[in-house]
Protein chains: 2
Amino acid sequence: MKPTVNAKDVAKLAGVSQSSVSRVFFDGAKVTEKTRQKVLAAAKELGYRPNEYARSLITNSSKIIGLVMKGVQNPFYPQVLKQFTTSFKKHGYSVLFVHTNNDEIQSDDIDTLLNYNVAGVIITDASMSMNVAEAFQANRIPLVFFNRKLTSSQFHSVCCNNLNASRKIAEYLAALETGEMVYISGNEDTSTSREREQGFAEVLKQRGIAYKKYTSDFSYNGGYETAQKILSAGKIPSAVFAANDIMALGVMDAFRKQGVQIPEQVKVIGFDNIDMASWPAYELTTWEQPIEKMVDETVNYLLSEISEYTGRARAVEVEGSFVERKTT
Amino acid sequence: MKPTVNAKDVAKLAGVSQSSVSRVFFDGAKVTEKTRQKVLAAAKELGYRPNEYARSLITNSSKIIGLVMKGVQNPFYPQVLKQFTTSFKKHGYSVLFVHTNNDEIQSDDIDTLLNYNVAGVIITDASMSMNVAEAFQANRIPLVFFNRKLTSSQFHSVCCNNLNASRKIAEYLAALETGEMVYISGNEDTSTSREREQGFAEVLKQRGIAYKKYTSDFSYNGGYETAQKILSAGKIPSAVFAANDIMALGVMDAFRKQGVQIPEQVKVIGFDNIDMASWPAYELTTWEQPIEKMVDETVNYLLSEISEYTGRARAVEVEGSFVERKTT
DNA sequence: TGATTTTTTGCATACGTATTCAAATTAAGA
DNA sequence: TCTTAATTTGAATACGTATGCAAAAAATCA
């Protein structure tokens with residue numbers, strides 16, 4: 001009893017050589033229509049499917065994309081995961097999912113990715129020490145930081161245009177209020193958090209509006225606790241800009257619990273436009289990150305680097321859009 | 001220039017045979033401590049890592065688990081994904097993530113899993129036609145339905161004890177109210193939805209309490225719209241039991257929008273105990289699904305079937321627990 | 001120490017595919 | 001129809017690892 005049927009078996013049944021079978025199943029190889037039909041018929045009869053491991057071994061390449069993710073609690077990321085998976089499927093790639101608990105990717109995760117000789121790597125919501133990222137470069141494996149940017153510009157990244165977005169948000173708020181505002185950052189070592197503050201601060205300064213910064217962690221509870229701190233500091237700010245939606249929701253709930261009226265007493269703005277932002281319980285004004293465009297950018301870059309590695313890196317910025325709801 | 005360093009290179013440097021190198025990196029093989037050290041030193045110097053594809057090819061097995069998922073919008077599932085990934089990592093397995101849009105898994109997704117000769121498969125929040133599931137059995141690939149159960153008992157499944165849970169919920173509600181209640185189902189073809197109704201109906205009937213059933217789809221919007229239908233039907237039910245939390249949240253928001261007081265006018269109960277259920281904006285009474293236990297059960301079953309395939313299938317039921325909050 | 005058993009090592013081979021190169025077939029040209 | 005060019009096919013090989021088997025080494029026993 002032979003469990004797996006291989007190309008040779010198909011070849012025998014079809015009356016051709018193993019090479020021909022291989023050529024039928026390998027895109028871009030030349031075969032006569034006649035033999036193709038014979039092979040396909042035989043393959044179907046035997047239930048043949050090419051062994052992906054033998055393929056990867058001989059071609060020294062794989063059809064697997066490594067996707068590293070941390071914040072599955074933030075609904076933004078499952079959404080991203082879904083889009084990546086469906087998009088790559090269209091192009092014949094599968095997704096190896098790697099979850100990291102730490103901010104920084106563990107070296108054993110890297111090992112996994114290298115052992116599987118992944119065709120490309122996407123890192124979302126996590127950072128990575130420089131020398132680890134260089135390990136991928138050394139192996140000529142294209143790498144994209146998604147929604148994160150490294151200070152060093154030698155790595156490719158795809159983000160929303162945070163600077164522009166936060167400027168627009170500040171301008172919008174400045175047109176409504178002039179009292180002291182609050183910015184709630186996420187984890188301070190993230191580019192997203194820093195950039196969103198930068199644009200916000202820039203415009204407010206220009207308009208002569210003060211703001212106070214609170215540091216949090218991109219989580220609902222973080223937002224909730226920060227809002228409590230804000231209230232216990234005594235003065236209710238005219239507006240709060242949270243670095244992402246999920247924190248903004250926490251902020252709203254904490255304010256409401258204390259009877260603070262939104263938007264009458266304080267305006268709240270988030271970032272991402274996750275599903276929940278549109279829920280009637282929140283109706284959060286926010287900035288929409290164009291996930292689809294960002295994913296497309298990432299996929300296209302990876303595919304082009306996979307087909308021909310250049311190592312050329314760029315910080316891609318995609319424009320998002322303002323979504324006005326009931327919290328402002 | 002040779003890009004990849006292989007076992008032979010290491011062997012040469014260490015002054016041993018390729019077989020010995022292989023044995024050092026293969027768990028359960030015998031090597032002297034002395035040669036092990038020599039090999040490890042050489043491997044480190046050269047930056048050697050075993051080629052996973054060659055391994056899989058020769059052993060005709062892989063260290064990959066296929067995880068098929070549909071509802072990434074429901075926060076319950078990202079949580080599940082995270083737990084599976086971390087748990088399998090501990091055991092040396094990686095997760096190939098497959099997202100399916102349809103209720104039923106596509107055959108090309110199956111092909112992907114079979115091409116990669118996955119060591120095991122987990123299917124969450126999606127069903128699968130019988131003959132497809134049989135394809136896995138034919139290849140002796142262990143398969144688990146997670147949080148779903150097929151009518152046919154020839155497949156392994158891991159669920160929360162839905163019957164018991166929904167009975168307890170009904171008893172709890174019956175002790176508080178006697179007016180007509182509502183059950184909101186998810187997609188009707190899911191075992192979870194059916195079982196949760198069954199236990200609920202059983203107890204209510206016994207207590208002489210009427211209930212009306214609305215069919216929805218496990219989504220927030222579905223819950224929201226259903227609540228609107230309930231209200232437009234005229235009479236406010238004494239209690240609503242939604243087949244999952246995310247629908248319950250939609251129900252709450254719809255009720256509130258219409259000024260219906262929870263829990264004074266209507267009580268609401270969900271199922272899952274997702275993070276959001278505990279948010280101050282909701283404080284939803286619900287039933288907690290013990291994700292960790294369910295994941296452990298699944299992982300243990302798969303690992304044991306991987307090490308020795310028996311094909312023996314069972315419908316495992318894990319006990320959850322009632323979480324009382326402010327909506328009842 | 002010498003004989004015998006146990007353990008470790010190396011050699012050779014197999015896994016299933018892609019691909020080079022020469023042979024064979026087909027197509028084109030006259 | 002015959003020659004020549006172009007295309008398709010098949011045979012052989014390589015990818016990097018695990019493993020059966022025999023040889024070598026080490027350990028055990030007397």
Side-chain angles (χ1 to χ4, degrees), chain A residues 1-40 42-43 46-64 92 111 114-119 139 307, chain B residues 1-40 42-43 46-64 92 111 114-117 119 139:
Chain A
M1 85 165 231
K2 193 173 181 210
T4 71
V5 35
N6 60 22
K8 205 178 279 181
D9 300 331
V10 176
K12 198 186 293 176
L13 179 60
V16 299
S17 72
Q18 179 267 323
S19 322
S20 292
V21 176
S22 171
R23 283 190 258 260
V24 168
F25 286 91
F26 185 77
D27 284 350
K30 304 268 187 187
V31 218
T32 312
E33 189 56 28
K34 205 171 77 181
T35 57
R36 150 169 276 113
Q37 293 307 332
K38 280 195 292 184
V39 167
L40 287 178
L46 297 179
Y48 168 74
R49 65 184 74 254
N51 183 316
E52 207 64 42
Y53 299 110
R55 281 193 158 172
S56 291
L57 179 59
I58 192 75
T59 62
N60 191 30
S61 69
S62 78
K63 288 290 200 175
I64 297 183
D111 283 344
L114 291 177
N115 286 351
Y116 280 106
N117 193 17
V118 289
N139 290 53
S307 76
Chain B
M1 81 163 235
K2 193 175 184 209
T4 71
V5 33
N6 60 21
K8 204 179 278 180
D9 300 331
V10 176
K12 197 187 293 176
L13 179 60
V16 299
S17 73
Q18 179 266 325
S19 322
S20 293
V21 176
S22 171
R23 284 189 256 261
V24 169
F25 285 91
F26 186 76
D27 286 350
K30 304 266 186 189
V31 217
T32 314
E33 188 57 27
K34 207 171 76 180
T35 57
R36 153 170 271 114
Q37 292 308 331
K38 279 195 292 184
V39 168
L40 287 178
L46 297 179
Y48 168 74
R49 65 182 75 254
N51 184 316
E52 207 64 42
Y53 299 110
R55 281 193 157 172
S56 292
L57 180 58
I58 192 76
T59 62
N60 190 30
S61 68
S62 79
K63 289 290 200 174
I64 296 183
D111 283 344
L114 291 176
N115 286 351
Y116 280 106
N117 192 16
N139 290 54

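Just so it is clear: chains get the letters A, B, ... in the order the sequence lines come, proteins before strands, and each one is counted from 1. Atoms considered below: every heavy atom in the structure, side chains included; atoms not considered: hydrogens, waters and symmetry mates.
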Next on the checklist: Test your reading of the model: is there a side-chain donor-acceptor pair from A/Ser56 to the backbone of A/Tyr53, 3.5 Å cut-off?
Outcome noted: no

Checklist outcome for this item: note: B/Leu57, atom CG; D/dA14, atom P; distance rounded to Å ~ 17 Å

Checklist entry - Which residues pass the side chain to side chain donor-acceptor pair (under 3.5 Å) test with A/Thr59, sequence neighbours left out? => result A/Ser61

Next on the checklist: In whole Å, I'd like the distance from the CZ atom of A/Arg49 to the C1' atom of C/dG16.
Outcome noted: 15 Å

Checklist entry - How long is the line joining CG of B/Asn115 and C1' of C/dG16, in whole Å? => result 13 Å

Checklist outcome for this item: Atom OH of B/Tyr53 and atom P of D/dG16 are separated, to the nearest Å, by 14 Å

Item to check | Contact under 4.0 Å: A/Arg55 side-chain N or O vs C/dA18 OP1/OP2 | outcome: yes

Checklist entry - Rounded to whole angstroms, how far apart are CG on A/Asp27 and P on C/dT17? => result 15 Å

Next on the checklist: Between A/Asn51 and C/dG16, is there a contact of a side-chain N or O with OP1 or OP2 at under 4.0 Å?
Outcome noted: no

Taking only N/O atoms, report every protein-nucleotides 7-10 of chain C pair under 3.5 Å with atom names and distance.
| unit_1 | atom_1 | unit_2 | atom_2 | d |
| --- | --- | --- | --- | --- |
| C/dT8 | O3' | B/Thr32 | OG1 | 2.7 |
| C/dT9 | OP1 | B/Thr32 | OG1 | 2.7 |
| C/dT9 | OP1 | B/Thr35 | OG1 | 3.1 |
| C/dT9 | OP2 | B/Thr32 | N | 3.2 |
| C/dG10 | OP2 | B/Ser17 | N | 2.9 |
| C/dG10 | OP2 | B/Ser17 | OG | 3.0 |
| C/dG10 | OP2 | B/Ser20 | OG | 2.8 |
| C/dG10 | N7 | B/Arg23 | NH2 | 2.7 |
| C/dG10 | O6 | B/Arg23 | NH2 | 3.2 |

Item to check | Nucleotide D/dT17, atom P - distance to CG of B/Asn60 in whole Å | outcome: 18 Å

Next on the checklist: Using modelled atom types and a 3.5 Å cut-off, is there a donor and acceptor pairing between side-chain atoms of A/Ser62 and backbone atoms of A/Asn117?
Outcome noted: yes

Next on the checklist: Do B/Asn51 and A/Leu57 have side chains that approach each other closer than 4.5 Å (heavy atoms only, starting at C-beta)?
Outcome noted: yes

Next on the checklist: Just the rounded figure in Å: distance from C1' of D/dT17 to NZ of B/Lys63.
Outcome noted: 15 Å

Checklist entry - Should B/Ser22 be listed as having a side-chain N or O under 4.0 Å from OP1 or OP2 of D/dG16? => result no

Checklist outcome for this item: Residues at least two apart in sequence or cross-chain that pass ring pair (Phe, Tyr, Trp, His ring centres under 6.0 Å) with B/Tyr116, listed by chain then number, are none

Checklist outcome for this item: Separation of C/dC15 atom C1' from A/Asp9 atom CG, nearest Å, is 13 Å

Checklist entry - So which heavy atom on B/Val16 is nearest to which on B/Lys38, and how close? => result CG1-NZ, 4.1 Å

At a cut-off of 3.5 Å, list every protein nitrogen or oxygen paired with a nitrogen or oxygen from nucleotides 22-25 of chain C, distance to 0.1 Å.
none

Next on the checklist: Can you classify the ring geometry of B/Phe25 versus B/Tyr48 as parallel (below 30°), tilted (30 to 60°) or perpendicular (above 60°)?
Outcome noted: perpendicular

Next on the checklist: Going by the rule side chain to side chain contact (heavy atoms under 4.5 Å, CB included), which residues pair with A/Leu46 if we only count those two or more places apart in sequence or in a different chain?
Outcome noted: A/Val5, A/Asp9, A/Val10, A/Leu13

Checklist entry - Quick one: salt bridge (Lys or Arg N to Asp or Glu O under 4.0 Å) pairs with a partner in residues 49-60 of chain B, sequence neighbours left out? => result A/Asp111-B/Arg49

Checklist entry - Of A/Glu52 and B/Ile58, whose closest DNA chain C nucleotide lies nearer the 5' terminus? => result B/Ile58

